[in-house]
Amino acid sequence: MANVNVYTAKRLNDMANSLGELARACTDELSADQGLTKEDGVAALETAAAMVCAGCNKCFIQPGKEQDNQYYMQYLIRAFEQKGSVDYGDMPRFFLETCKRKDEYMVHLNRGLGRATMNLAWKNRFLESRDAVIVQFKELAVILEEFSHQVEHAVDITPEWEDEVKKAFKRNHIVIEKMLILEYENRQREAYLTMRTMNGRCVTVKDAAEILEDAMEDGEWTVAPDGRNLVTKQSDTLRFVEKGEYRVIYGAAKAVKSGEEVSGDNYTFGQVQPGQVIMSLSDGMGSGKGAEEESRQVIELTQRLLEAGFSTRAALKMVNTVLLLTGISQHPATLDMCCIDLKSGILEAMKLGAAATYILSEKGVELLEAGEVPMGILNPVEPVLLSKKLWDDNRIIMVSDGILDALPDDDKELMLKEFIARMPVKNPQDMADRILLFARSFTETAADDMTVLTAGIWKRK
């Protein structure tokens, strides 16, 4: 098993290096000057002259006047960019007095500059998409490196428990055909058991987890959500994971903006990986169905990436680049995510334009806050990472902007912090309801969508 781990880790690391080299091969940045150039103006003038002037060159480009032409060209381009067209007031007096086909010339000149503008827009869009893909390559390289490190340091502890586990399952009329038990760097354990029942019996996976728990003596086990619900006479491999030293209970409360049918806020919470749970809250810009679709897309994409094994930072950055690649319109939506390691109690908060997160403990209330850049707006964008050690009976409170905007005080974060500090520490749902009621007490109608997401963490006894 150790040799397989080393080989697999090396191959994954080689893949990561290849993706990194591929990204570095395309690291030229977008041009700082993304407007029309002098060459675009010259091309538009020459095209108009070819279509109208029949070889006449009296108006613009004349030998010995390169500096004058260059100055006029910049003026002409800026005038077109500001107004969207060039009119007679932008043309030289000599042209207006002598040209007999100036109306036709102006049509072709504006058409040429418009075509150059459209080509420039498509070019810049292509370069932005290319840079977004390069960011994807870089993030995939980081993900593979992280997974390579995890595989390389995974320890096969199957021989220590093989006899006990097989005997325990056999006593319950279940045959273990193959088994693999791994222990990772953070002491988290994971078991893969290929099993079948004897005499055609059926056993629930919950019962199977309890059998494994009794056999392993220490730690609580559960079945990973990607497997079957029953153990039958047909052989199948189930993945069991330790529950961790902590458990989390959630609560949520929300109010829809007055006049809207749906909330533009979306949230989710639950387990995404063995020993890892998340709380995520996204506030779509504006309100109504459009904002709801944007925030839901951000939440769903992020959760899928986390369930697939991506790190929180990589997941957020990849979702942002995906949103930049989907169509011409931007998808501005904030994202607030808390990822909790149930083994260590470490909370990692990832924020993109989100409101502050409040941590309530016996020492008081602490704020975790970051900047104000929503997802899908800028490329590249770097999520802000904040870390905090949680202890038994701590509470996590996340709110959308609608909660803070409803408060009358100038320092809204401080006002909410003081309310949370005075609030009775009860179950998370009760706390979420109290915070929403507090925010709504200052306004007769909800001026924005309001959402409160809370969680409590307790050490397993």
**Item:** For Asp430, side chain to side chain contact (heavy atoms under 4.5 Å, CB included) partners two or more places apart
**Value:** Lys426, Asn427, Arg434
**Asked** What residues form a ring-ring contact (aromatic ring centres under 6.0 Å, His included) with His153, not counting sequence neighbours?
**Response** His149
**Message:** Just to verify, what does Ser258 make a side chain to side chain contact (heavy atoms under 4.5 Å, CB included) with, not counting sequence neighbours?
**Reply:** Thr445, Ala446
**With Asp405 via salt bridge (charged side-chain N to carboxylate O under 4.0 Å, His left out) - residues at least two apart** = none
**Message:** Less than 4.5 Å apart, side chain to side chain, heavy atoms only: is that true for Thr194 and Ile176?
**Reply:** no
**With Phe442 via ring-ring contact (aromatic ring centres under 6.0 Å, His included) - residues at least two apart** = Phe438
**Item:** Residues which pass side chain to side chain contact (heavy atoms under 4.5 Å, CB included) with Glu190, listed by chain and number, not counting sequence neighbours
**Value:** Tyr184, Tyr192, Arg239, Val241, Pro274
**Residues Glu245, Arg460: salt bridge by 4.0 Å N-O rule** = no
**Where at least one partner belongs to residues 386-398, residue pairs that pass salt bridge (Lys or Arg N to Asp or Glu O under 4.0 Å), sequence neighbours excluded** = Glu366-Lys388, Asp393-Arg395
**Message:** Holding to salt bridge (charged side-chain N to carboxylate O under 4.0 Å, His left out), I want the full list of residues that pass it with Glu177, two or more places apart in sequence or in another chain.
**Reply:** Arg196
**Item:** Counterpart residues, salt bridge (charged side-chain N to carboxylate O under 4.0 Å, His left out), relative to Lys257 (two or more places apart)
**Value:** none
**Item:** All salt bridge (charged side-chain N to carboxylate O under 4.0 Å, His left out) counterparts of Asp448, not counting sequence neighbours
**Value:** none
**With sequence neighbours excluded, residues passing side chain to side chain contact (heavy atoms under 4.5 Å, CB included) with Lys206** = Thr204, Glu210
**Request:** Can you tell me which residue pairs pass the side-chain hydrogen bond (donor to acceptor under 3.5 Å, both in side chains) test with a partner in residues 410-422, sequence neighbours excluded?
**Result:** none
**Prompt:** Hey, does the side chain of Asp336 reach the backbone of Lys351 with a donor-acceptor pair shorter than 3.5 angstrom?
**Reply:** no
